[in-house]
Amino acid sequence: MPRYDLSLILKVMQRPETVACLRRTVEALLERGAVVRDLESLGERMLPYKMSKHSQVHTRGTYFLIDFYSSPNILITMQDHLQRDVDVVRSTILKNEKTPSICGLLRSSSDVSGQKSSSPP
C-alpha cells in the first residue's frame with residue numbers, strides 16, 4: 001500500500017470539538033482500510049488568505065498532518081467525506097515519497113579517516 005500525507009486545516013474550535021473532528025477523520029480512514037502511522041498538530045495559525053467553506057469565512061485555522069498507508073481506491077471517497085465535514089476548512093492528500101531511513105546500516109563512501117569503507121553485508 002502506498003504512503004500518503006493528509007494535510008488538514010480545521011476551523012478554530014474548542015479542544016473537545018477539535019478532538020471529535022480528528023476522531024471522525026481517523027475513524028473514516030480506518031473504516032476504509034487505511035493504516036494511520038502518525039497524527040501531528042502544527043498548531044493554530046492565520047490563514048494565508050480568507051477561505052470560505054460551508055457559508056463561513058475563515059481567517060484562522062488549526063493545522064494537522066496525518067501520515068497513513070492506504071489503497072489508492074479510497075482517496076476519492078475520503079476527499080468527499082472531508083469536503084462534507086463542516087469543521088474542515090481545507091484538506092489535501094499527497095503521496096508521501098519518503099523512503100524509510102535505515103539508521104546505522106548505510107555508510108558513506110569514506111569513513112572518518114578518509115579511507116574507503118567496505119560495503120555493508
Side-chain angles (χ1 to χ4, degrees):
M1 287 193 294
R3 186 172 169 188
Y4 296 96
D5 283 326
L6 169 60
S7 171
L8 283 176
I9 302 175
L10 304 181
K11 68 181 186 180
V12 177
M13 302 177 283
Q14 295 294 319
R15 187 177 178 116
E17 290 87 3
T18 303
V19 169
C21 181
L22 288 172
R23 178 170 285 149
R24 281 194 310 267
T25 303
V26 170
E27 285 176 354
L29 283 167
L30 295 175
E31 286 171 1
R32 289 166 172 80
V35 177
V36 177
R37 286 180 36 107
D38 191 25
L39 170 65
E40 183 178 356
S41 172
L42 303 176
E44 183 180 321
R45 303 179 186 178
M46 292 289 294
L47 298 175
Y49 50 87
K50 292 181 184 179
M51 295 182 188
S52 296
K53 189 71 175 215
H54 300 288
S55 303
Q56 294 179 338
V57 177
H58 303 278
T59 56
R60 295 189 64 79
T62 308
Y63 288 70
F64 290 93
L65 190 62
I66 301 175
D67 185 6
F68 66 98
Y69 289 105
S70 81
S71 166
N73 301 335
I74 74 161
L75 299 181
I76 294 172
T77 59
M78 195 61 205
Q79 277 288 38
D80 184 51
H81 170 79
L82 292 168
Q83 287 177 354
R84 293 173 191 266
D85 193 329
V86 295
D87 296 329
V88 176
V89 176
R90 178 75 46 95
S91 65
T92 305
I93 299 176
L94 297 172
K95 189 168 184 178
N96 187 331
E97 299 294 337
K98 294 179 189 172
T99 57
S101 62
I102 306 172
C103 299
L105 294 180
L106 299 178
R107 305 178 94 182
S108 65
S109 60
S110 62
D111 59 11
V112 177
S113 65
Q115 298 173 345
K116 294 278 186 187
S117 63
S118 62
S119 61

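The analysis underlying the following values was restricted to heavy atoms, covering all of them including side chains, and did not include hydrogens, waters or symmetry mates.
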In this structure, CZ of Arg45 is separated from OG1 of Thr62 (nearest 0.5 Å) by 10.5 Å
- Query: Any chain of hydrophobic side-chain contacts (each under 4.5 Å) joining Tyr4 to Leu6?
  - Reply: yes
Contacts of Glu44 meeting salt bridge (Lys or Arg N to Asp or Glu O under 4.0 Å) (sequence neighbours excluded), chain-then-number -> Arg60
Side chains of Phe64 and Val88 in contact at under 4.5 Å (non-hydrogen atoms): no
Q. Would Leu30 and Leu8 show up in the same hydrophobic cluster when neighbours are defined by side-chain heavy atoms closer than 4.5 Å?
A. yes
In terms of heavy-atom contacts, Tyr69 and Met1 come closest through CD2-O, 3.5 Å
Report yes if some heavy atom in the side chain of Leu10 is under 4.5 Å from a heavy atom in the side chain of Asp85; otherwise report no.
no
Residues Cys21 and Asp87: closest non-hydrogen pair is SG-CB, 3.7 Å
Residue pairs passing the side-chain hydrogen bond (donor to acceptor under 3.5 Å, both in side chains) test with at least one member in residues 49-58, sequence neighbours excluded, are Tyr49-Arg90
Hits for side-chain contact (heavy atoms from CB on, under 4.5 Å) against Pro48, two or more places apart or cross-chain, chain-then-number order -> Met51, Tyr63
Using atom types as modelled, flag every donor-acceptor pair under 3.5 Å from a side chain in residues 34-43 to any protein atom, sequence neighbours excluded.
from: Arg37; atom 1: NE; to: Asp67; atom 2: OD2; distance (Å): 3.1
from: Ser41; atom 1: OG; to: Gly43; atom 2: N; distance (Å): 3.4

Check the hydrophobic clustering (I, L, V, M, F, W, Y; side-chain heavy atoms under 4.5 Å; chains of links allowed) and say if Ile9 and Met13 are grouped together. no
Hits for side chain to side chain donor-acceptor pair (under 3.5 Å) against Glu17, two or more places apart or cross-chain, chain-then-number order -> none
Donor-acceptor contacts, no H, no angles, side chain residues 75-82, under 3.5 Å, sequence neighbours left out:
from: Thr77; atom 1: OG1; to: Arg32; atom 2: NE; distance (Å): 3.3
from: Thr77; atom 1: OG1; to: Ile74; atom 2: O; distance (Å): 2.9
from: Gln79; atom 1: OE1; to: Ser91; atom 2: OG; distance (Å): 3.0
from: Asp80; atom 1: OD1; to: Arg84; atom 2: NE; distance (Å): 3.3
from: Asp80; atom 1: OD2; to: Arg84; atom 2: NE; distance (Å): 3.1

